[in-house]
Q: 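First, the structure itself, so that you have it in front of you.
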Amino acid sequence: MSNQKAEFSEAEIAVHWREEPLISPPPQFIGQANLTDPAIFERMSLEHFPECYREYADLLTWYKYWEKTLDTSHPPFWKWFVGGELNACYNCVDRHLPGYRNKTAIHFVPEPENELIQHITYQELWVRVNEFAALLRDFCGLKKGDRVTLHLPMTAELPITMLACARLGVIHSQVFSGFSGQACGERIADSQSHVLITMDAYYRAGKLLDHKKQADIAVEKATQEKAPPGKVLVWQRYPGRYSAETPPVKGRDFIVNELLPKYRGQRVEPERVQATDLLFLMYTSGSTGRPKGCAHSTGGYLAYVAGTSKYIQDIHPEDVYWCMADIGWITGHSYIVYGPLALAASSVVYEGIPTHPDAGRPWRIAEELGVNIFHTSPTAIRALRRAGEDVPSKYHHHFKHMTTVGEPIEPEVWRWYYNVVGKKEAVIVDTWWQTENGGFLCSTVPALKPMKPGSAGPGVPGIHPVIYDDDGKEIPAGTGKAGNICIRNPWPGFMQTIWGDDERLVKQYFARYCKDKNSKDWRDWPYFAGDGAMQSSDGYIRILGRIDDVINVAGHRLGTKEIESAALTVPEVAEAAVVPIPDEVKGRVPDLYVSLKPGVTGDGALAQRISQAIETQISPVARPRRVWIVPDMPKTRSGKIMRRVLAALSTGGDPGDITTLANPEVVEKIRTQVAQR
Ligand code: WT7
């Protein structure tokens, strides 16, 4: 509760933000847009729900048409397109062959600039996916419903592996390659994956990293959790050459590129799966406990990402589309791989960091490939802006459309994106959604609604947001008050469950505002997103951030609990509390407070060890800005650590009323300590 209070005071500050003026989309954009008919909002109104979502499902090719659009018999486990059969790989690859065989499906851009870009056509993608699917089936014995963990970097092999799994009906679970071996191992164990698929090495910020060593740590961790994967498949970053220092483990690790020649020319019939069968798991941090495996369906998910890619991303088959995110996050699954490929677009996969070797790199790539749709996060935009405000102006790229996603964007930063990156030629959409959701929830429809810097916009067609106060009363638009954003209706992209934990799905997303838990009417089950938001009178929504204790660092969602647990693995640490601190580039960074066990004293070396523990157990992105070793934590009388007070001390703010604390005197001590730095 203390955290929600802290965030609410932040929300209250936000109401004093000034309303930004609206900016119209350029006429050239409107002239070519996929969606210019305002009747879409009527067609997808609640009155036509749920049948309106046929329009999205009809973008796909079905082996068998569905019988029931929405089954609500087991709330809130909504089932979409029940009885329908399809294959995601077929929809993203095979069906494009007659029309687009020789068109590029994936442009793979290696980080080293002297390495040639690979242009993989739909035909070549089809061949490579078939051969790898044959290997997965015949060498690994994988079949429909099995789970496989991927710990792959941003190379063409990642979408190839995902699509090969999808072809077989195997559920893939890609773990962000920047996550540690331990984090990967935990996810292998949670999903009970049969196989781990990784790569020997990849480039990041100019260095060829030994990635295979993470696989060894991952297997060790999964083994500790009594769920070792049977096999480890290792792709080579340079086919024919092993690039990691860590050697393969005999009998356990197999080099994909050595096995593949045996599967030359093999073709695998796409598995017909039910619309409700799972396509993939995507782990995301929650406020408590272990990461949640968001389990996404095949039919509903694919229909939803195809629909939103077409109407919100405005993807046409002729477009060269670059989503500069990592496929290890949901953004990459939905809007690098499944959405764009379902529409036969050419999608860019870039291996490295945006500022390597300098901040002009994204615009050189855009120029070379003729990218016309560009998609990235406020963090990346802030970093590029800091590295050189006028750099984009030196290049001759032209975007028709740009996207921002992952966290709120400051209007100042938005304007730089619009004026300098987009040269005032591109329409911008600010898309708000979450891993759990599969696809966009709030955004403007680019040819139909004007842009407003800093606001995501209204719900996308078919999504009906509502903002509730703490008591469940609707906060009307235009009152300037913030509350909890919810979605009134189900939609096809929402996950089926949290892997292995149905109960947690109900508790986390529906219990808060459920009107009647015995009801089978979806109207009684609004989806609680966990973000604070406010709606201005024109219906545009400004997202204020998480209301639970998850920290969004540079677009990476980290659980405070995860970080605190990692800190507590250092033997000297007694208590740990993480608070989010605003950061100019990353949005938020964690500040860590620890108190030590009695009789132990701490120094810089200990702080260093704690940081290191977090880095190895979670990721370098979770590394705290500061580790404060404090004499005690400010606590309530019931013993709860008051993170709100710590957050105020970290930012030099007012901790508010501390008289009810069990140990108010400690606040002054910490304040002095923090001020001395
Ligand atoms: C959280 C979800 C959705 C893919 C990337 C992150 C924040 C996301 C926006 C936006 C303001 C945003 C929310 C949300 N968020 N997009 N356009 N404006 N905030 O996915 O890791 O599941 O994080 O990111 O707080 O709840 P995720």
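Remember, it's 1-based here, ligands and their atoms both numbered in the order they're listed. In this text the structure is predicted, and so the values were computed from the model without any measurement. Heavy atoms only: backbone and side chains are in, while hydrogens, waters and symmetry mates are out.
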Q: Does the N or O separation between Thr435 and ligand 1 drop below 3.5 Å for any pair?
A: yes

Q: Tell me the nearest of Ser455, Pro378, Gly406 to atom 24 (O) of ligand 1, using heavy-atom distances.
A: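 Minimum heavy-atom distance to atom 24 (O) of ligand 1 goes to Gly406.
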
Q: Taking the side chain as every heavy atom from C-beta outward, state whether Glu407 and Thr379 have any pair of such atoms under 4.5 Å apart.
A: yes

Q: May I ask you to list the atoms of ligand 1 that are less than 4.0 angstrom from any heavy atom of Thr431?
A: 9 (C), 10 (C), 16 (N), 17 (N)

Q: Name all pairs fulfilling the salt bridge (charged side-chain N to carboxylate O under 4.0 Å, His left out) condition that reach into residues 484-493, sequence neighbours left out, sorted by first residue then second.
A: Glu474-Arg488

Q: Which is closest to atom 2 (C) of ligand 1 by heavy-atom distance: Trp433, Trp432, Trp329?
A: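 Shortest heavy-atom distance from atom 2 (C) of ligand 1: Trp433.
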
Q: Hey, does Lys292 have a side-chain heavy atom less than 4.5 Å from the side chain of Glu436?
A: yes

Q: As an exercise, identify every atom of ligand 1 less than 4.0 angstrom from a heavy atom of Asp430.
A: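 Per the distance check, 10 (C), 17 (N), 18 (N).
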
Q: Report the residues that fulfil side-chain hydrogen bond (donor to acceptor under 3.5 Å, both in side chains) with Asp314, sequence neighbours left out, ordered by chain and then residue number.
A: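 Partners of Asp314 under the side-chain hydrogen bond (donor to acceptor under 3.5 Å, both in side chains) test: Gln32, Lys400.
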
Q: Heavy-atom distances under 4.0 Å decide this one: backbone, side chain, both or neither, for Glu407 against ligand 1?
A: backbone

Q: With atoms numbered from 1 as shown, which atoms in ligand 1 lie under 4.0 angstrom from a non-hydrogen atom of Thr331?
A: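 Close to Thr331: 4 (C), 5 (C).
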
Q: Nearest to atom 25 (O) of ligand 1 by heavy atom, Asp531, Ile485, Ile541: which?
A: Asp531

Q: Please work out, at 4.0 Å between heavy atoms, whether the side chain, the backbone, both, or neither of Ala456 comes within that distance of ligand 1.
A: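 Answer for Ala456: neither.
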
Q: I'd like to check Tyr338 versus His296 (side-chain heavy atoms, cut-off strictly below 4.5 Å). Are they in contact?
A: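 Answer no - side chains too far apart.
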
Q: Looking at ligand 1, would Ala529 count as a contact under a 4.0 Å heavy-atom criterion?
A: no

Q: Within a strict 4.5 Å, meaning less than it, do heavy atoms of the Asn484 and Tyr513 side chains meet?
A: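 Yes, their side chains come closer than 4.5 Å.
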
Q: Can you tell if the side chain of Val429 reaches within under 4.5 Å of the side chain of Gln313, non-hydrogen atoms only?
A: yes

